[in-house]
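All figures in this text were calculated on a predicted structure; none of them were measured in a lab.
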Amino acid sequence: MDEALPLERRLMHVAATSSPRLGARRPPVKPEEMNALLREMEEPEFRQCNHGRPTYVERKLSDIEKLFGRR
């Protein structure tokens, strides 16, 4: 990566070429692969990382609205 490029462009390049898997460098993730990874995360056996932390949580719309002071 050219050091003369603005920081924002370099960051965008890193974000576009990084994989969500173990930080490996690879070509951009295709939309089909991204969707497959998201669907996989919804499976009960993938709702936690290796350390037992949740990979995502489900919230009711009313709970989200309360967090942002909408209701």
Side-chain angles (χ1 to χ4, degrees):
M1 185 100 221
D2 184 1
E3 293 295 320
L5 289 176
L7 178 60
E8 183 177 1
R9 282 215 40 215
R10 291 189 310 200
L11 290 173
M12 292 302 288
H13 174 77
V14 170
T17 58
S18 295
S19 170
R21 297 185 200 130
L22 302 175
R25 300 283 300 215
R26 52 173 287 204
V29 178
K30 296 177 183 168
E32 303 83 36
E33 184 180 10
M34 195 179 317
N35 284 330
L37 288 169
L38 291 170
R39 298 296 76 83
E40 192 175 298
M41 282 178 54
E42 293 173 341
E43 298 297 322
E45 63 268 20
F46 294 105
R47 291 189 181 181
Q48 295 179 345
C49 73
N50 299 358
H51 306 98
R53 296 180 188 102
T55 56
Y56 77 96
V57 294
E58 292 183 31
R59 302 271 181 169
K60 295 179 184 175
L61 179 58
S62 60
D63 293 337
I64 295 171
E65 288 173 337
K66 285 179 192 173
L67 287 171
F68 288 94
R70 300 287 179 163
R71 292 195 180 197

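Leu67 pairs by the side chain to side chain contact (heavy atoms under 4.5 Å, CB included) definition with nothing, not counting sequence neighbours. For Glu58, the side chain to side chain contact (heavy atoms under 4.5 Å, CB included) partners at least two apart in sequence or on another chain are Arg47, Tyr56.
Within a 6.0 Å radius of CD in Glu8, no more than 12 heavy atoms belonging to other residues, nucleotides or ligands are found.
Between the NZ atom of Lys66 and the NZ atom of Lys60 there is a distance of 8.5 Å, given to the nearest 0.5 Å. Rounding to the nearest 0.5 Å places CD of Glu33 at 11.0 Å from CG of Leu38.
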